[in-house]
Amino acid sequence: MHNFHRNVETPAADFTGAMAITNSAPHEFDVVRYVVSTEYASISAFQPKRSDARVAPVFMVLETVDGQLVNIEINNNAAYGYDVRAELIGERGTVAMNNVAYTRIDSALAQSTSYDADWRTRYADAYRRQNRDFLRFAMTGEFPATAANCWDGYCAAVVAEAGVKALHEGRRVPVQMIAKPEFYK
């Protein structure tokens, strides 16, 4: 699976590569676990140099306990727009989550689409659905069929912690989680 998470610019001047791993990448860590239905075994993280003082992209390679490979790019200073994409490569085909473009301009023998400045437009409907599910849960006590739980948060945090260690130490780091509590099985 390939993942790209690009923002226009960092939210703070002192933003670091480690913060990209703990702030932006957990979304990808979580989505990949959901899509491929497995846990991570290890993570490697790399950060090239930029020509300026801004934080450079962070590239991660993760191995799953089932032997799958995942790469994640977090670029918090992509400049051109908010761009989150993923592609799952299978044995008989691929499926891609592409940039959402509601409009396209066709003019002067060319086509163009635009990017959003941040995540709000792209995920507005998802947040509305999440809020409706929460209200339904509060009224009925019925947990949504598809929802994250504390275990998912724990897993993303453990992978992020291992990713920061991998970035700082320049080596592949094992992802070591506690046994999954019975409550979540």
Side-chain angles (χ1 to χ4, degrees), residues 1-91 93-101 113 115-120 122-123 126 148 151-178 180:
M1 189 164 183
H2 306 286
N3 298 272
F4 306 91
H5 183 142
R6 298 173 181 152
N7 294 299
V8 174
E9 63 184 348
T10 54
D14 60 348
F15 201 82
T16 66
M19 292 168 79
I21 295 172
T22 59
N23 182 299
S24 299
H27 299 291
E28 279 64 38
F29 299 153
D30 188 49
V31 166
V32 172
R33 281 182 62 250
Y34 178 77
V35 169
V36 299
S37 299
T38 191
E39 300 295 348
Y40 297 110
S42 66
I43 183 171
S44 300
F46 310 91
Q47 189 172 24
K49 300 225 182 281
R50 276 183 60 116
S51 62
D52 56 22
R54 291 181 164 261
V55 67
V58 175
F59 296 90
M60 292 161 275
V61 177
L62 297 102
E63 298 171 74
T64 72
V65 297
D66 293 330
Q68 298 148 320
L69 289 177
V70 175
N71 71 311
I72 297 173
E73 171 204 318
I74 303 294
N75 185 348
N76 290 105
N77 286 301
Y80 68 89
Y82 181 76
D83 186 10
V84 174
R85 292 178 276 141
E87 183 179 21
L88 178 64
I89 312 301
E91 294 174 1
T94 69
V95 62
M97 178 185 81
N98 295 316
N99 184 48
V100 177
T113 58
Y115 288 95
D116 290 321
D118 61 29
W119 55 269
R120 287 177 275 202
R122 179 159 186 180
Y123 295 108
W151 179 253
D152 296 319
Y154 166 78
C155 292
V158 168
V159 175
E161 185 177 337
V164 169
K165 185 174 184 177
L167 182 64
H168 287 156
E169 295 181 4
R171 65 178 182 89
R172 183 174 161 262
V173 172
V175 174
Q176 298 175 323
M177 294 191 292
I178 63 171
K180 189 173 187 177

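All figures in this text were calculated on a predicted structure; none of them were measured in a lab.
- Two residues are said to be in side-chain contact when any heavy atoms from C-beta on lie closer than 4.5 Å; Asn23 and Phe15 meet this criterion.
- In this structure the side chain of Asp30 never reaches within 4.5 angstrom of the side chain of Tyr34, judged on heavy atoms.
- A donor-acceptor contact shorter than 3.5 Å is absent between the side chain of Tyr40 and the backbone of Gln176.
- For Glu63, the CD atom sits in a packed shell: over 12 heavy atoms of surrounding residues, nucleotides or ligands are nearer than 6.0 Å.
- In this model, a donor atom of one side chain and an acceptor atom of the other lie less than 3.5 Å apart for Glu28 and His5.
- Checked by atom type, the side-chain pair Arg172/Ser42 shows a donor-acceptor distance below 3.5 Å.
- Counting heavy atoms of neighbouring residues, nucleotides and ligands inside a 6.0 Å radius, atom CZ of Arg122 exceeds 12 of them.
- Scanning all heavy atoms of the two residues, the minimum distance from Asp66 to Ser37 falls at OD2-O, 4.2 Å.
- Contact detail for Ile21 and Ala160: the closest heavy-atom pair is CG2-O, 3.5 Å.
- The CE atom of Met177 sits 4.0 Å away from the SG atom of Cys155 when rounded to the nearest 0.5 Å.
- No side-chain heavy atom of Leu88 sits less than 4.5 Å from a side-chain heavy atom of Thr94.
- The two atoms that bring Ala18 and Val164 nearest to each other are O-CG2, 3.7 Å, heavy atoms only.
- Between the side chain of Asn75 and the main chain of Asn77, a donor-acceptor pair closer than 3.5 Å is present.
- With a 4.5 Å cut-off on side-chain heavy atoms, Phe59 and Ser44 do not count as touching.
- With Leu62 as reference, Val159 is the one residue of Val32, Val159, Leu69, Asn3 to meet the side chain to side chain contact (heavy atoms under 4.5 Å, CB included) rule.
- Expressed to the nearest 0.5 Å, how far OH of Tyr82 lies from OH of Tyr123 amounts to 4.5 Å.
- Between Ile74 atom CD1 and Met19 atom CE the span is 13.5 Å, to the nearest 0.5 Å.
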Val70 vs Val61, test: side chain to side chain contact (heavy atoms under 4.5 Å, CB included). Steps then yes/no. CA-CA 6 Å; Val70 175; Val61 177; over 6 Å; no
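- For the pair Glu9/Arg54, a side-chain contact is recorded, criterion being any heavy-atom separation below 4.5 Å from C-beta on.
- At least one donor-acceptor pair closer than 3.5 Å links the side chain of Gln47 to the backbone N or O of Ala56.
- Once rounded to the nearest 0.5 Å, the distance linking CZ of Phe29 with OG1 of Thr22 reads 9.0 Å.
- No side-chain heavy atom of Val58 sits less than 4.5 Å from a side-chain heavy atom of Glu73.
- Arg6 and Tyr80 share a side-chain donor-acceptor pair at under 3.5 Å.
- The minimum heavy-atom distance between Ala45 and Gly163, with the atom names listed, is CB-O, 3.8 Å.
- In this structure, Gln68 CD and Met1 CE are separated by 10.5 Å, a value rounded to the nearest 0.5 Å.
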Begin from the C-alpha positions of Arg85 and Met97 and carry the test side chain to side chain contact (heavy atoms under 4.5 Å, CB included) through to its verdict. CA-CA 5 Å; Arg85 292 178 276 141; Met97 178 185 81; 5.6 Å; no
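- The structure places CG of Leu167 at 9.0 Å from CE of Met60, a figure rounded to the nearest 0.5 Å.
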